[in-house]
J.: 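Attaching a single structure in structure tokens format; questions to follow.
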Amino acid sequence: MEKKQVELNRKTILVTGSPGFIGANLVIRILTTLTAGTIVSLDNMNDYYEVSLKEWRLEQISAVAEKSPVKHVFIKGSIGDKELIDQLFKQYHFDIVVNLAAQAGVRYSIDHPDVYIESNIIGFYNLLEACRHYPVEHLVYASSSSVYGGNKKVPFSTDDKVDNPVSLYAATKKSDELLAHAYSKLYNIPSTGLRFFTVYGPAGRPDMFYFSATKKLAAGQKIQIFNYGDMKRDFTYIDDIVEGIVRVMQGAPEKATGADGLPIPPYAVYNIGGGQPENLLDYISTLQEELVRAEVLPPDYDFEGHRELVGMQAGDVPITYADSEALERDYGFTPSIDIKTGLRKFCEWYKGYYGA
């Protein structure tokens, strides 16, 4: 049964992590489709990857905001700053909060654990406390497919147990889901967690494989292919991710009272994934074809000579595979953009942004 969709127009919306890959695309989508309302976007602009790319995304947002009837305010700050978060909630009284700010990356968490606790745990706690004291209609937050860890059962379902994370990043994302459930139960805060599956597309995160591989190939360097290429990923194009978020934003879990007179937690978690796991070597071949087509690489590029098959990396998993049936059931949406279409758009953007 599909959820009743609530109109987003005239809402006051907080989007954290707005110059990030998903955040920027979401803000632009809202600015181009709504006819009234306010978006406050927040980010600390850290240097986990090149800040110039975040600045470029912010410029894209600003250009769209100038022509939009929706008011947009960008604030440079951290969700780890409790005083700032409380001040913003007190000032704006947000209707909807979308938390996309997080320290991302599995491998980075091995050497930089502190930033994951600061952003993903303390920062999320600050937002939950603010939602408690300044009630919101809906809190939507980014979780991750990494919570499934080394799950052997595929496809991954939100009904599966996810108690065995294989990275600190995954542990923080699972912790967010637990915290959200507790706050939903205690304070009747409608919250929805979204487990994203390997998001890619133009102006994406440079630490993601398709992007870092492109930069290395363009520089004539070798790319390392982990687990000797025996990997499968449920790649999800950015437009599908944004469509999923927008649908979910409009349909908060309903509040209800249990037999004990206490709130039944208005809480939900969904997968957003393509539902078509791609073999990593096939994905790389498609990427290489599109890089040649976009003239980022020459037609006679020696791809075999620039590949190096290596073992598995700590914290990584051999397969991700989303069961997104619940998303289709409740919101009438299933990701559908294939990797050839998605990688073509990325390669064309890359050519325009970096040149060849």
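The first residue in the sequence is number 1, and the count goes up from there. Given the structure is predicted, the values throughout are model-derived calculations rather than measurements.
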J.: Say whether Ser41 and His72, considering side chains only, have a donor N or O and an acceptor N or O under 3.5 Å apart.
T.: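 His72 and Ser41 do have a side-chain donor-acceptor pair below 3.5 Å.
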J.: For the pair Glu304 and Arg307, evaluate salt bridge (charged side-chain N to carboxylate O under 4.0 Å, His left out) and give the outcome as yes or no after the intermediate values.
T.: CA-CA 5 Å; Glu304 289 303 320; Arg307 290 182 177 190; 3.7 Å; yes
J.: Apply side-chain contact (heavy atoms from CB on, under 4.5 Å) to the pair Asn151 and Asp160, showing each step before the final yes or no.
T.: CA-CA 9 Å; Asn151 199 345; Asp160 297 340; 3.4 Å; yes
J.: Show your working on side-chain contact (heavy atoms from CB on, under 4.5 Å) between Val73 and Ile39 and close with a plain yes or no.
T.: CA-CA 6 Å; Val73 180; Ile39 301 175; over 6 Å; no
J.: What's the verdict on side-chain contact (heavy atoms from CB on, under 4.5 Å) for Thr198 and Asp234, showing C-alpha distance, side-chain angles and the deciding distance?
T.: CA-CA 6 Å; Thr198 317; Asp234 203 342; 5.7 Å; no
J.: Give a yes or no answer on whether the side chain of Ser68 reaches the backbone of Val64 with a donor-acceptor pair at less than 3.5 Å.
T.: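 Here the side-chain-to-backbone pair does not exist.
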J.: Is there side-chain contact between Lys232 and Leu280, with heavy atoms separated by less than 4.5 Å?
T.: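 Of all side-chain heavy-atom pairs linking Leu280 with Lys232, none is under 4.5 Å.
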J.: Please name the residue in the list Leu26, Ile30, Val27 that meets the side chain to side chain contact (heavy atoms under 4.5 Å, CB included) test with Val242.
T.: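 Exactly one pass, corresponding to Leu26.
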J.: In terms of side-chain geometry, is the basic nitrogen of Glu243 or Arg247 positioned less than 4.0 Å from the acidic oxygen of its partner?
T.: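 Looking at Arg247 together with Glu243, the answer is yes, because their closest N to O distance falls below 4.0 Å.
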J.: Do any N or O atoms from the side chain of Lys174 and from the backbone of Asp176 form a donor-acceptor pair under 3.5 angstrom?
T.: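 Flag not set: sc Lys174 to bb Asp176 has no pair under 3.5 Å.
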J.: List the atom of Asn120, the atom of Tyr169, and the distance in Å for their closest heavy-atom pair.
T.: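 Result for this residue pair: ND2-CD1, 3.9 Å.
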J.: Hey, are Tyr134 and Asp86 close enough side-chain-wise for a donor-acceptor pair under 3.5 Å?
T.: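 The answer is no; no qualifying pair exists.
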J.: Would you say the rings of Phe346 and Tyr210 are close, in the sense that their centroids are separated by under 6.0 Å?
T.: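 Yes: the rings meet the under 6.0 Å criterion.
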J.: Do other residues, nucleotides or ligands put more than 12 heavy atoms under 6.0 Å from Lys71 NZ?
T.: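 Open: at most 12 neighbouring heavy atoms sit under 6.0 Å from NZ of Lys71.
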J.: State, yes or no, whether a side-chain contact exists between Arg233 and Phe197 at a heavy-atom distance under 4.5 Å.
T.: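 A side-chain contact is absent here, since even the closest heavy-atom pair is not under 4.5 Å.
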J.: Does Leu53 share a hydrophobic cluster with Leu42, counting links as ILVMFWY side-chain heavy atoms below 4.5 Å and allowing steps through other members?
T.: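 No, because Leu53 and Leu42 fall into different hydrophobic clusters, even though each may have its own neighbours under 4.5 Å.
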J.: Kindly say whether Asp323 contributes a backbone atom to a donor-acceptor pair with the side chain of Ser157 at under 3.5 angstrom?
T.: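 Side chain of Ser157 to backbone of Asp323: no pair is present.
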J.: Let me check something: do Phe235 and Leu343 share a hydrophobic cluster, defined by ILVMFWY side-chain heavy atoms less than 4.5 Å apart, either directly or through other members?
T.: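 Same hydrophobic cluster.
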J.: List the residues meeting ring pair (Phe, Tyr, Trp, His ring centres under 6.0 Å) with Tyr48, not counting sequence neighbours, and say none if there are none.
T.: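 Per chain and number, Tyr48 pairs via ring pair (Phe, Tyr, Trp, His ring centres under 6.0 Å) with Tyr108.
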J.: Check whether any side-chain heavy atom of Phe74 sits under 4.5 Å from a side-chain heavy atom of Leu58, and report yes or no.
T.: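 Yes, their side chains come closer than 4.5 Å.
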J.: Which label fits Phe124 and Tyr141: parallel for a plane angle under 30°, tilted from 30 to 60°, or perpendicular past 60°?
T.: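 It falls in the tilted class, 30° to 60°.
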J.: Do the charged groups of Lys76 and Asp43 touch, with an N to O distance under 4.0 Å?
T.: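 Salt bridge absent between Lys76 and Asp43.
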J.: For Phe94 versus Val136, what's the shortest heavy-atom pair and its separation?
T.: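 Result for this residue pair: O-CG1, 3.4 Å.
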J.: To the closest 0.5 Å, what do you measure between OG1 (Thr236) and CD (Gln276)?
T.: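 Answer for the OG1-CD pair, Thr236 versus Gln276, is 11.0 Å.
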J.: Centroid-to-centroid, Tyr331 to Phe333, below 6.0 Å?
T.: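 No.
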J.: For a quick check under 3.5 Å, do Thr192 and His138 share a side-chain donor-acceptor pair by atom type?
T.: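 Yes.
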J.: Taking all non-hydrogen atoms of both residues into account, name the closest pair between Ala294 and Glu348 and its distance.
T.: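 Minimum heavy-atom separation between Ala294 and Glu348: CB-N, 4.2 Å.
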J.: Can you tell me if Lys11 uses its side chain to pair, donor with acceptor, with the backbone of Ile96 under 3.5 Å?
T.: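 Not at all, since once roles are kept as given, no pair shorter than 3.5 Å links the two residues.
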J.: Looking at Asp240 and Tyr237, would you say the former's side chain and the latter's main chain have a donor-acceptor pair under 3.5 Å?
T.: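 Between the backbone of Tyr237 and the side chain of Asp240 there is no qualifying donor-acceptor contact (under 3.5 Å).
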J.: Are Ile272 and Val98 connected, step by step, through hydrophobic side chains (Ile, Leu, Val, Met, Phe, Trp, Tyr) whose heavy atoms are closer than 4.5 Å?
T.: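 Shared cluster, yes.
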J.: Mind checking the OH-CE spacing from Tyr200 to Met208? Nearest 0.5 Å is all I need.
T.: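 Taking OH in Tyr200 and CE in Met208, the distance rounds to 11.0 Å.
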J.: Looking at every heavy atom in both Pro190 and Asn188, which two are closest together, and how far apart are they?
T.: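 The pair with the smallest heavy-atom distance is CD-O, 3.3 Å.
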J.: Assess, by modelled atom type and distance only, whether the side chains of Tyr183 and Glu129 contain a donor and an acceptor separated by less than 3.5 Å.
T.: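 Indeed, the side chains of Tyr183 and Glu129 share at least one donor-acceptor pair under 3.5 Å.
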J.: Please answer: with hydrophobic residues joined when any side-chain heavy atoms are less than 4.5 Å apart, are Val70 and Ile75 in the same cluster?
T.: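 Shared cluster, no.
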J.: I'd like to know if the side chain of Gln250 and the backbone of Val246 have a donor-acceptor N/O pair within less than 3.5 Å.
T.: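 Yes, the answer is positive, given that a donor and an acceptor are paired below the 3.5 Å cut-off.
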J.: Does Thr341 use its side chain to pair, donor to acceptor, with the backbone of Ile337 at less than 3.5 Å?
T.: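 Not confirmed, Thr341 side chain does not pair with Ile337 backbone.
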J.: Looking at Ala170, is its backbone amide N or carbonyl O close enough to the side chain of Ser167 to form a donor-acceptor pair, meaning the two atoms are under 3.5 Å apart?
T.: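 A pair under 3.5 Å: yes.
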J.: Between Asn271 and Tyr321, do the side chains contain an N or O donor and an N or O acceptor separated by less than 3.5 Å?
T.: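 Distance-only check fails for Asn271 and Tyr321.
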J.: Could you check if a side-chain atom of Phe89 sits within less than 4.5 angstrom of a side-chain atom of Cys131, using non-hydrogen atoms only?
T.: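 The answer is yes, as the side chains (C-beta and beyond) meet within the 4.5 Å cut-off.
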J.: Any donor-acceptor pair under 3.5 Å linking the side-chain atoms of Ser285 with those of Asp282?
T.: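 No, no side-chain donor-acceptor pair sits under 3.5 Å.
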J.: Salt bridge (charged side-chain N to carboxylate O under 4.0 Å, His left out) for Glu289 and Arg344? Distances and angles first, verdict last.
T.: CA-CA 9 Å; Glu289 290 167 12; Arg344 178 164 295 184; over 6 Å; no
J.: So is Arg205 actually on top of Tyr49's ring, under 6.0 Å and inside 45° of the axis?
T.: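 No, Arg205 does not lie over the aromatic ring of Tyr49.
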J.: Between Lys340 and Glu290, does any NZ, NE, NH1 or NH2 come within less than 4.0 Å of an OD or OE carboxylate oxygen?
T.: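 Yes, this pair counts.
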J.: List for me each residue that meets salt bridge (charged side-chain N to carboxylate O under 4.0 Å, His left out) alongside Lys161, sequence neighbours excluded, and say none if there are none.
T.: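 Expected list: Asp163.
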J.: Looking at Asn9 and Ala36, would you say the former's side chain and the latter's main chain have a donor-acceptor pair under 3.5 Å?
T.: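 Between the backbone of Ala36 and the side chain of Asn9 there is a qualifying donor-acceptor contact (under 3.5 Å).
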J.: For the pair Thr38 (side chain) and Thr12 (backbone), establish whether a donor and an acceptor sit closer than 3.5 Å, ignoring hydrogens and angles.
T.: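 Not confirmed, Thr38 side chain does not pair with Thr12 backbone.
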J.: Do Ile238 and Leu194 share a hydrophobic cluster (ILVMFWY, side-chain heavy atoms under 4.5 Å, transitive)?
T.: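 Same cluster: Ile238 reaches Leu194 through Ile, Leu, Val, Met, Phe, Trp or Tyr contacts under 4.5 Å.
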J.: Shortest non-hydrogen contact from Thr158 to Val269?
T.: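 Taking Thr158 first and Val269 second, the nearest heavy atoms are CG2-O, 3.6 Å.
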J.: Any side-chain heavy atom of Tyr92 sitting closer than 4.5 Å to one from Leu14?
T.: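 With C-beta onward as the side chain, the pair stays apart.
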J.: After noting the C-alpha distance and the side-chain angles of Leu287 and Cys347, does the key distance pass the side-chain contact (heavy atoms from CB on, under 4.5 Å) rule?
T.: CA-CA 8 Å; Leu287 174 63; Cys347 293; 3.9 Å; yes
J.: Minimum heavy-atom separation for Asn126 to Ile85, with atom names?
T.: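 Taking every non-hydrogen atom into account, O-CG2, 3.9 Å.
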J.: Do Ser145 and Thr320 have side-chain atoms, one donor and one acceptor, less than 3.5 Å apart?
T.: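 The criterion, which ignores hydrogens and geometry beyond distance, is not satisfied for Thr320 and Ser145.
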J.: How many angstroms lie between CD1 in Ile122 and CD1 in Ile79, if you round to the nearest 0.5 Å?
T.: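 Answer for the CD1-CD1 pair, Ile122 versus Ile79, is 10.0 Å.
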